[in-house]
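All values reported here derive from a predicted model rather than from experimental measurement. Only heavy atoms go into these numbers, but all of them, side chains included; no hydrogens, no water, no symmetry mates.
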Amino acid sequence: MTTAPPTPTPPPASSHASSPFPRTVLITGAASGIGAAVAEAFARQGVGLALADRDTRRLEALRDRLPRTAAVTLHTLDVADADQVRAVVDDAVRRHEGVDVLVNSAGILTEVPLVEMDPAVWDETIAVDLRGVFLSCRYLLPHMIARGGGRIVNIASQLGQKGGEGLTHYSAAKAGVIGFTKALAREAAPHNVLVNAVAPGPVETPLVDGLSPEWKRAKQAELPLGRFGRPEEIAPTVLLLASDPGGNLYVGQTLGPNSGDVMA
Ligand SMILES: NC(=O)c1ccc[n+]([C@@H]2O[C@H](COP(=O)([O-])OP(=O)(O)OC[C@H]3O[C@@H](n4cnc5c(N)ncnc54)[C@H](O)[C@@H]3O)[C@@H](O)[C@H]2O)c1
């Protein structure tokens with residue numbers, strides 16, 4: 001038996017009447033790189049932030065440099081641990097009286113040829129980069145549905161679209177995030193929760209320290225733009241997807257600020 005979808009309700013309230021941005025955003029992987037740039041961009045718009053990461057010290061450093069315009073809470077967690085993710089989601093929802101937008105940015109990367117890959121390395125990458133996205137959506141989506149709507153932005157990678165040498169585990173996880181995003185977008189849109197992915201190309205963050213100089217040189221040479229991106233060049237795409245009306249019609253999309261590495 002199928003149940004009729006609920007009647008669509010208006011998008012969540014903006015931070016104030018004239019703002020296109022939400023009131024509160026939960027960001028995983030917020031302590032560094034793209035997640036931190038997204039946090040800074042939302043903070044400049046006066047958006048409340050629940051910042052989650054496994055690195056408490058760097059979360060505190062980020063909080064100390066954010067403009068003091070809206071409430072900021074810090075949450076230490078391992079995104080691959082279901083109990084920790086559920087506890088953080090519930091805590092963020094309680095302390096902010098609801099969360100409008102989820103940004104999944106936590107991720108890890110190592111470069112290992114498949115024939116040398118320890119299965120534990122495969123498992124850890126899938127656990128953080130794919131299961132972590134599933135878990136935070138799994139526990140926050142019911143809250144968003146109960147509130148009448150929300151937005152979810154999953155940070156995938158262009159390597160999930162084209163693959164990368166020495167990165168079978170990472171590419172598989174990120175391709176999984178893109179497929180997961182499309183499927184969840186179909187489930188969630190009738191509840192006024194819009195789910196999309198952003199698939200950046202290479203970006204100068206601590207994550208790419210895990211790549212060899214040869215890999216980075218070869219990748220730079222094949223980019224039409226000829227350079228890696230910077231985290232603050234990815235954040236505006238996330239803000240677009242979270243905004244009203246800018247993001248209102250994106251459902252299950254994968255947006256690609258990627259220096260031309262993949263052309264959809
Ligand atoms: N930098 C790039 O070139 C690039 C390109 C495409 C996609 N991405 C994706 O963007 C996202 C952000 O990456 P970044 O480049 O900003 O990297 P980063 O290393 O600067 O930040 C990643 C953050 O995730 C956190 N993290 C890692 N494992 C965690 C776990 N188990 N639990 C909680 N937090 C955890 C880290 O502590 C760190 O703060 C990742 O999903 C990454 O795969 C990055």
Side-chain angles (χ1 to χ4, degrees), residues 27-41 51-59 61-62 65 78-80 103-133 153-178 197-238 254-264:
I27 305 171
T28 74
S32 176
I34 294 168
V38 169
E40 288 168 340
L51 304 176
D53 203 286
R54 65 180 174 188
D55 188 334
T56 311
R57 195 185 53 74
R58 294 187 76 181
L59 276 182
L62 170 63
R65 65 175 190 269
D78 175 354
V79 294
V103 180
N104 280 308
S105 190
I108 54 171
L109 175 150
T110 50
E111 181 187 345
V112 195
L114 186 82
V115 293
E116 296 169 18
M117 192 178 294
D118 188 318
V121 171
W122 172 274
D123 289 344
E124 187 189 8
T125 303
I126 300 295
V128 175
D129 291 357
L130 181 56
R131 175 181 157 89
V133 173
V153 182
N154 297 323
I155 307 299
S157 165
Q158 101 287 16
L159 297 172
Q161 297 169 305
K162 70 182 295 189
E165 208 178 323
L167 297 172
T168 51
H169 50 345
Y170 183 81
S171 302
K174 294 300 186 178
V177 169
I178 293 170
V198 174
V203 181
E204 293 292 357
T205 72
L207 189 91
V208 298
D209 293 347
L211 294 167
S212 61
E214 300 72 40
W215 197 103
K216 289 194 256 191
R217 248 194 315 276
K219 174 54 71 180
Q220 187 160 338
E222 73 180 272
L223 293 174
L225 199 56
R227 70 170 178 87
F228 285 18
R230 299 187 301 274
E232 63 270 24
E233 295 175 308
I234 308 302
T237 304
V238 177
T254 300
L255 302 192
N258 63 23
S259 303
D261 203 20
V262 170
M263 300 188 191

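- Between Val112 and Asp118, the closest side-chain pair of non-hydrogen atoms is not below 4.5 Å.
- The two atoms that bring Val38 and Ile27 nearest to each other are CG1-CD1, 3.9 Å, heavy atoms only.
- Nearest heavy atoms, Pro257 versus Glu233: CB-O, 4.5 Å.
- Between Val133 and Arg131 the shortest side-chain heavy-atom distance does not fall below 4.5 Å.
- For the pair Asp53 and Asp55, the tightest heavy-atom approach, listed with the atom from each and the gap, is OD1-N, 3.0 Å.
- Residues Glu232 and Glu40 form no side-chain contact, since every pair of their non-hydrogen atoms from C-beta on lies 4.5 Å or further apart.
- Proximity of Val238 to Ile155: side-chain heavy atoms (C-beta onward) are separated by under 4.5 Å at one or more points.
- Residues Lys162 and Asp261 are paired through a salt bridge, judged by an N-O separation under 4.0 Å between the basic side chain and the carboxylate.
- Looking at Thr125 and Met117, their side chains never come closer than 4.5 Å, going by heavy atoms from C-beta outward.
- Within the 4.5 Å cutoff, the side chain of Val177 has no heavy atoms near those of the Asp129 side chain.
- Around the CD atom of Gln161, the shell of radius 6.0 Å holds more than 12 heavy atoms that belong to other residues, nucleotides or ligands.
- A distance of 9.5 Å separates NE2 in His169 from CG in Leu114, rounded to the nearest 0.5 Å.
- The CG atom of Asn258 lies 8.5 Å from the CD1 atom of Ile234; values are rounded to the nearest 0.5 Å.
- Across every non-hydrogen atom of Ser157 and Ile178, the tightest pair is O-CD1, 4.2 Å.
- Across all their heavy atoms, Leu62 and Ala39 have their closest contact at CD2-CB, 4.0 Å.
- Between Pro224 and Ser259 the shortest heavy-atom distance is CD-O, 3.4 Å.
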